[in-house]
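Keep in mind that the numbers below use all heavy atoms, side chains included, and drop hydrogens, waters and symmetry copies. First the proteins, then the strands, lettered A, B, ... as listed; each starts at 1. None of these values were measured; they are calculated from a predicted model.
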Amino acid sequence: MVKTTIQDVSKHLNEEVTLGAWLHNKRSSGKIAFLQLRDGTGFIQGVIGKNDIGEDKFDQAKSLTQETSLYVTGTIVEDKRSPLGFEMQIKDFSIIQEAEDYPITPKEHGTEFLMDHRHLWLRSKKQHSVMKVRNEIIRATYEFFNENGYVKIDPPILTGSSAEGTTELFHTKYFDEDAYLSQSGQLYMEAAAMAFNKVFSFGPTFRAEKSKTRRHLIEFWMIEPEMAFMDHNDSLEVQEQYVSHVVQSVLQNCKVELETLERDLTSLQKIKAPFPRITYDDAIQLLHEKGFTDIEWGDDFGAPHETAIAESYEKPVFITHFPLDIKAFYMKPDPERPDLALCADLIAPEGYGEIVGGSQRIDDLELMKERYEEHNLTGDAYQWYLQLRQYGSVPHSGFGLGLERTVAWIAGVEHVRETIPFPRLLNRLYP
RNA sequence: UCCACCGUAGCUCAGUGGUAGAGCAAUCGACUGUUAAUCGAUCGGUCGUAGGUUCGAAUCCUACCGGUGGAGCCA
């Protein structure tokens, strides 16, 4: 008996094999039954003829319930009627465990119900495909940075201080001290860049914001590269190369998944470096031309503004040189326009919003001390960060890519809650 | 925190002042190529909770609870 998985059935054409599987759905007539089987690696249809398997076994097959686990033995045959191209002619099966009243029936369900059953919803075709795309993005990320000489460094998740004062932090106790869950590993990655030159991190971040939109999660994953001896423009080139690599990898390695998701491939095929760049100044002007009267120079962009700017381009677009006042304390001012920061947001097409935020960092000790004063960062918690500018400071840049927004964009999923296995949302900590 | 919308069968929804409904699921039956199979039958209810108006409330009013979308903030 040869055990295999559905993704490998093509290697066993016209052979008898055994699959461990779950019953996804079934259809039956008087003398023939069709079992839709899934094993986590794919979906295949099993065909049972009453005359081939005997009446008792056939009746048992007809009464199988959705999501019952079973071992199925049969011959893999080619069939043009199957979307996979293959079917299994079932010779025998044995039930491992019979599932009763599986909640997610093959009909439509609402968001709340599906989210309450997220642990089961992950078994469905669409959710399965989204997670495979997510996995491919992660795989392509490691591939890109490893091939380009980056070292993966893991910043801490429990911290004694915040990276950016503005967002709300999750508070917890660290024995007798106060501690917070990380909302960004960036400051630690700057230290790592001074030790390893080019580094990247991949880990969870936590924001206790009361945000309730299709672009927000309370717990989400970020990829944060940081590069010594790279300026703002060098960083933009890394970003567009990286994002292009990820999109092209998904196109190449997730064909079946993108088809299941009914993703428009032509728009993804266009995602190749270089990406267009527009300055904040020009973006404001563009918005005024598009009829946005509610925004003035010095304001930050809201979601409708980002979408309007992205609509003008087929690729992701960099918005560069934001006013220093609306950006984080560590960003380096443009020497030619000291009121602007050497920074950029990368806005994804099709209304998916900001997927990357990055900047060149301040490398001058005195200027960083000034920023500390302005932002009241005078405690002990940030002293180590200051020392990075004291002991061999160099120009350096970095960025952070939000994984879930990137998955949502590439997979063509409307809401980021479907791009992470177990989303943490406002009002949702279960399952 | 603010704004809008929604809570009716296991699920998705209709019913907007006068007997609580449909489709799907489940159960039983028919059918040898189905793809959300089809067809027939059966089963299925504290109409989110509490109060109020009314001869009469799923329906109108008030409060609360829960959800969805959005804003601000951000990736």
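- Here A:H109 does not lie in a stacked arrangement on the base of B:rU12, lacking the combination of planes under 30° and ring centres under 5.5 Å apart.
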When you compare the protein's N or O atoms with those of nucleotides 25-32 of chain B, which come within less than 3.5 Å of each other, and at what distance?
from	atom 1	to	atom 2	distance (Å)
B:rC31	N3	A:S28	O	3.4
B:rC31	N4	A:K62	NZ	3.3
B:rU32	OP2	A:K31	N	3.4
B:rU32	O4	A:N51	ND2	2.5

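- Annotation: salt bridge (Lys or Arg N to Asp or Glu O under 4.0 Å) contacts involving residues 134-143 of chain A, sequence neighbours excluded, comprise A:R134-A:E404, A:E136-A:R139, A:R139-A:E143.
- For the pair A:N25 and B:rA37, the criterion of a side-chain N or O lying under 4.0 Å from OP1 or OP2 is met.
- B:rU35 atom C1' lies 12 Å from atom CZ of A:R81, rounded to whole Å.
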Show each protein N/O and nucleotides 39-44 of chain B N/O combination with a separation under 3.5 Å, one pair to a line.
none

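- Among the protein residues, A:R214 comes within range of the sugar-phosphate backbone only, with heavy atoms under 4.0 Å from sugar or phosphate atoms but none that close to a base.
- Of the residues in residues 300-307 of chain A, those lying under 4.0 Å from RNA chain B by heavy-atom distance are A:D300, A:G302, A:A303, A:P304.
- For residues 253-265 of chain A, every residue pair satisfying the salt bridge (Lys or Arg N to Asp or Glu O under 4.0 Å) rule, not counting sequence neighbours, is listed here: A:K132-A:E257, A:R263-A:E350.
- Residues that satisfy the side-chain hydrogen bond (donor to acceptor under 3.5 Å, both in side chains) test with A:H109, not counting sequence neighbours, are A:T105.
- For residues 396-420 of chain A, proximity to RNA chain B is found at A:R405, A:H415, A:R417, defined as any non-hydrogen atom under 4.0 angstrom from a strand atom.
- The nearest whole Å value for the distance from the CE atom in A:M88 to the C1' atom in B:rG33 is 18 Å.
- Comparing atom distances between the A:K212 side chain and each of B:rG72, B:rU68, B:rU35 picks out B:rU68 as nearest.
- Taking atom CZ on A:F113 and atom P on B:rC13, their separation rounds to 12 Å, with Å as the unit.
- Here A:D116 pairs with A:R428 under the side-chain hydrogen bond (donor to acceptor under 3.5 Å, both in side chains) rule; sequence neighbours left out.
- Across all strands, A:E219 comes closer than 4.0 Å to no nucleic acid atom at all (heavy-atom distances).
- Within residues 308-326 of chain A, no residue places a heavy atom under 4.0 Å from RNA chain B.
- In the set B:rG33, B:rG70, B:rA75, B:rG33 carries the atom at the smallest distance from any side-chain atom of A:E87.
- Not a single ring pair (Phe, Tyr, Trp, His ring centres under 6.0 Å) links A:H396 to another residue, sequence neighbours left out.
- Identified under the salt bridge (Lys or Arg N to Asp or Glu O under 4.0 Å) test for residues 20-46 of chain A, with sequence neighbours left out: A:R38-A:E67.
- The cationic group of A:R214 lies under 6.0 Å from the six-membered ring centre of A:Y352 and within 45° of the ring axis, placing it in a cation-pi geometry.
- Residue-to-nucleotide contacts include no donor-acceptor pair under 3.5 Å from the side chain of A:Q36 to the base of B:rU35.
- Distance A:R424 CZ to B:rA75 P: 22 Å, rounded to the nearest Å.
- Stacking between A:F34 and B:rG33 is absent: the aromatic ring centre is not both under 5.5 angstrom from the base six-membered ring centre and within 30 degrees in plane angle.
- Within 4.0 Å (heavy atoms only), A:E67 reaches no atom of the nucleic acid at all.
- The nearest whole Å value for the distance from the CD atom in A:E209 to the P atom in B:rA75 is 8 Å.
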* To do: Kindly indicate, with the supporting measurements, whether the criterion side chain to side chain contact (heavy atoms under 4.5 Å, CB included) is fulfilled by A:R361 and A:M368.
  => CA-CA 10 Å; A:R361 324 302 193 189; A:M368 189 58 94; 5.9 Å; no

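- The list of salt bridge (Lys or Arg N to Asp or Glu O under 4.0 Å) pairs with a residue in residues 50-61 of chain A, not counting sequence neighbours, reads A:K57-A:D92.
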